[in-house]
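Computed from a prediction, not measured in an experiment: that's the story for all the values here. Only heavy atoms go into these numbers, but all of them, side chains included; no hydrogens, no water, no symmetry mates. Atoms within each ligand, like the ligands themselves, are counted from 1 in listed order.
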Amino acid sequence: MNDLPNGCRLIQLTIRGDDRGRLAAIEGEQDVPFAIARVYYVYGTKPNVTRGLHAHRALNQLAVAVAGRCTMLLDDGADRHAVVLDDPSLALTLPPMVWHEMSDFSSDCVLMVLADAPYDESDYIRDYAEFLKLAVSPA
Ligand code: TYD
């Protein structure tokens, strides 16, 4: 389950279930290995769309498909691995320097992402050739 590229891990979240249904809570530095600075979510994704197509220089993230399903392609410059996210009780850690592409979104998919820093365009590597160069020999 955890045989993923460069520090990516699937984490089983603790689910509080009772006869009313289920509840998942994610606390910074407890259930996720960083302090949470930002939450965003992707939803209403049109058919055949691929999102992401970037890596981050320093950002740590955690992704959960809280509804529906999508596929996350992970690439650390050496290995590529596709992970299906379709379980709200599973969270995928996305460390820096992992190229990721999200595709195959179900129409009901809500992909929630927690991040350890505010949005910063300068942290993005959007050019795959540049990513590969940095992955092989970090600046
Ligand atoms: P984009 O990077 O294209 O999303 P994805 O990685 O899913 O393909 O982001 C879409 C727009 O949203 C872009 O203009 C940047 C903006 N944005 C923010 O303002 N804050 C955020 O936290 C994120 C993730 C994106």
Would a 4.0 Å cut-off, counted as strictly less than, catch a protein heavy atom around atom 21 (C) of ligand 1? yes
How close does the nearest protein non-hydrogen atom get to atom 25 (C) of ligand 1, and which residue and atom is it? Y119 CE1, 3.7 Å
Proximal ligand 1 atoms for R38, defined as those under 4.0 Å from one of its heavy atoms: 21 (C), 22 (O), 23 (C), 24 (C)
Please determine whether a side-chain nitrogen of the Lys or Arg among D75 and R80 lies less than 4.0 Å from a carboxylate oxygen of the Asp or Glu. yes
I need the nearest protein heavy-atom contact for atom 8 (O) of ligand 1: residue, atom name and distance, please. G52 N, 2.9 Å
Can you tell if the side chain of H100 reaches within under 4.5 Å of the side chain of R51, non-hydrogen atoms only? no
If we count only non-hydrogen protein atoms and require a distance under 4.0 Å, does atom 6 (O) of ligand 1 qualify as touching the protein? yes
Is there a donor-acceptor pair closer than 3.5 Å between any side-chain N or O of D116 and the backbone N or O of N60? yes
Approximate separation, where rounding is to 0.5 Å, of D76 CG and H81 NE2: 11.5 Å
Do R51 and ligand 1 have an N or O pair less than 3.5 Å apart? yes
In Å and rounded to the nearest 0.5 Å, what is the CD to CD1 distance from E29 to I36? 9.0 Å
Less than 4.0 Å between atom 12 (O) of ligand 1 and some protein heavy atom, yes or no? no
Report yes or no: does a heavy atom of H54 sit under 4.0 Å from some atom of ligand 1? yes
May I ask you to decide whether E130 forms a salt bridge with R57, counting only side-chain N to carboxylate O separations under 4.0 Å? yes
Per-atom filter on ligand 1: closer than 4.0 angstrom to a heavy atom of Y40 are 22 (O), 24 (C)
Suppose we call two aromatic rings close when their centres sit under 6.0 Å apart. Are Y124 and F131 close by that rule? no
Establish whether L111 and L4 are linked, either directly or via other cluster members, by ILVMFWY side-chain heavy-atom contacts under 4.5 Å. yes
Compute the shortest N/O to N/O distance between V42 and ligand 1 and return yes if it is under 3.5 Å, no if not. no
Under 4.0 Å from one or more heavy atoms of R126, ligand 1 contributes atoms 2 (O)
